[in-house]
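Numbers restart at 1 for each chain; the letters A, B, ... are given by sequence-line order, proteins then strands. Because the structure is a prediction, the values reported are computed rather than measured.
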There are 2 protein chains.
Amino acid sequence: MLSKKTKYGLKALTFLGNQKDRNPIAIAEIANHENISQKFLESILLTLRRTGYLGSKKGKGGGYYLIKDPSEIPMTTVMRVLEGPIAMVSCVSLNFYEKCEDCPDEQSCSVHKLMLKVRDSALDVYRNTTLADLLN
Amino acid sequence: MLSKKTKYGLKALTFLGNQKDRNPIAIAEIANHENISQKFLESILLTLRRTGYLGSKKGKGGGYYLIKDPSEIPMTTVMRVLEGPIAMVSCVSLNFYEKCEDCPDEQSCSVHKLMLKVRDSALDVYRNTTLADLLN
DNA sequence: TTATTAATCTACTAAAACTATAGGGTGAAT
DNA sequence: ATTCACCCTATAGTTTTAGTAGATTAATAA
């Protein structure tokens with residue numbers, strides 16, 4: 001299951017991407033429009049800012065805005081930042097590889113074989129989809 | 001992340017599929033060979049039996065054995081039984097569809113769009129992989 | 001200039017849900 | 001009598017999803 005964190009993060013990015021200009025938009029407005037718990041969204045937007053997708057402005061009239069062009073925001077990194085590793089098992093993870101403790105031989109492991117395929121297919125989707133593809 | 005339930009279930013199915021004959025194999029032996037908590041594996045094998053993949057025999061010399069040919073066990077149903085819906089969001093699930101409460105319009109929802117692609121690609125893998133493909 | 005207001009930032013806490021596992025008893029097959 | 005699957009329950013641990021309280025920053029009104 002996709003975590004709400006990822007779901008909310010994607011919706012927020014989309015909402016910001018759909019704006020005409022890039023003026024700051026308050027958390028409250030995004031949360032309201034997308035039916036998201038404001039405090040939860042706050043922490044999500046913070047991590048998206050730290051990743052380099054969003055800029056923020058404090059004080060009155062402040063809020064969040066897209067820093068990059070939507071076509072330069074690939075789902076690969078968005079998913080990694082919000083949801084974590086794309087691989088369902090660490091032994092097939094590109095960025096977070098770890099050997100399975102219980103598994104003596106990766107090559108002959110059925111879980112490894114299957115999850116490798118699944119990872120490749122998911123990666124294919126994420127690599128070929130940017131935020132721009134999800135906008136209206 | 002793939003749950004250990006699914007991981008263990010797959011390993012058990014593979015272990016049984018790799019046997020020469022179809023004699024019953026005790027839970028303890030499978031658990032031992034695959035480094036699995038025996039009690040946990042017990043409940044997993046039970047659900048696999050109820051799904052119709054495994055048969056069991058009680059008493060001395062008892063255990064579990066494959067009922068179907070490995071080529072007739074598609075990963076689609078194995079994953080659904082062990083891991084749950086293949087879709088990461090219920091609004092793109094074939095077998096467990098549910099409308100998102102927060103989302104007013106599915107067609108314009110970015111999460112929906114993305115997860116539809118991911119589901120299709122995962123489904124493609126699972127549908128084209130049977131237990132036979134994972135054996136040695 | 002000063003006070004007020006509106007917003008992000010930070011950290012801590014808490015409730016709820018889910019995961020993984022353990023324990024003990026029952027009953028069937030040998 | 002023994003060996004196994006079967007079934008039910010409980011529980012520790014982890015993750016998710018928030019909520020609370022306050023600090024910080026910036027714009028604006030007095």
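When the P atom of C/dA20 is taken as reference, atom NZ of B/K7 falls 10 Å away, rounded to whole Å. Distance, A/D102 CG to C/dT21 C1': 15 Å, rounded to whole Å. Summarising the geometry, the separation between CG on B/L2 and C1' on C/dA20 is reported as 14 Å, rounded to the nearest angstrom. Atom CD of B/E101 is separated from atom P of D/dT17 by 14 Å (rounded to the nearest Å).
Within residues 30-56 of chain A, the residues that have a heavy atom under 4.0 Å from DNA chain D are, in order of number, A/S37, A/K39, A/F40. Of the residues in residues 81-94 of chain B, not one comes within less than 4.0 Å of DNA chain D through any heavy atom.
Taking only side-chain nitrogens and oxygens, B/Y8 comes nearer than 4.0 Å to OP1 or OP2 of C/dT21.
Mapping B/G63 and A/K4 onto DNA chain D by nearest heavy atom places B/G63 at the nucleotide closer to the 5' end.
With sequence neighbours left out, the side chain to side chain contact (heavy atoms under 4.5 Å, CB included) criterion links B/N18 to B/T14, B/L135, B/N136. Scanning for ring-ring contact (aromatic ring centres under 6.0 Å, His included) contacts around B/Y53 gives an empty result, with sequence neighbours left out.
Ionic pairing of B/K7 and A/D102 is present here: one or more N-O contacts between side-chain nitrogen and carboxylate oxygen are shorter than 4.0 angstrom.
Within the structure, no pair that satisfies the side chain to side chain donor-acceptor pair (under 3.5 Å) test touches residues 84-95 of chain B, not counting sequence neighbours.
Proximity of a side-chain donor or acceptor of A/D124 to a complementary backbone N or O of A/D120 within less than 3.5 Å is not detected. No side-chain donor-acceptor contact under 3.5 Å links A/K57 to the backbone of A/G63. A distance-only check finds a donor-acceptor pair linking the side chain of B/K99 to the backbone of B/C103 [under 3.5 Å]. Not a single donor-acceptor pair under 3.5 Å links the side chain of A/K39 to the backbone N or O of A/S43.
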> Reading nucleotides 23-30 of chain D 5' to 3', which nucleotides get B (base under 4.0 Å from a protein heavy atom), which S (sugar-phosphate only), which -?
Replying inline: --BBS---

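Of the N and O atoms on the side chains of B/S108 and B/D105, at least one donor lies less than 3.5 Å from an acceptor on the other residue. At a cut-off of 3.5 Å, with distance as the only test, a side-chain donor of A/S3 or A/E83 sits close to an acceptor on the other residue.
Taking 4.5 Å as the limit, every side-chain heavy atom of A/L16 sits out of range of all side-chain heavy atoms of A/R22.
When the nucleotides D/dC4, D/dC6, C/dA20 are ranked by their closest atom to the side chain of B/Y64, D/dC6 comes out on top.
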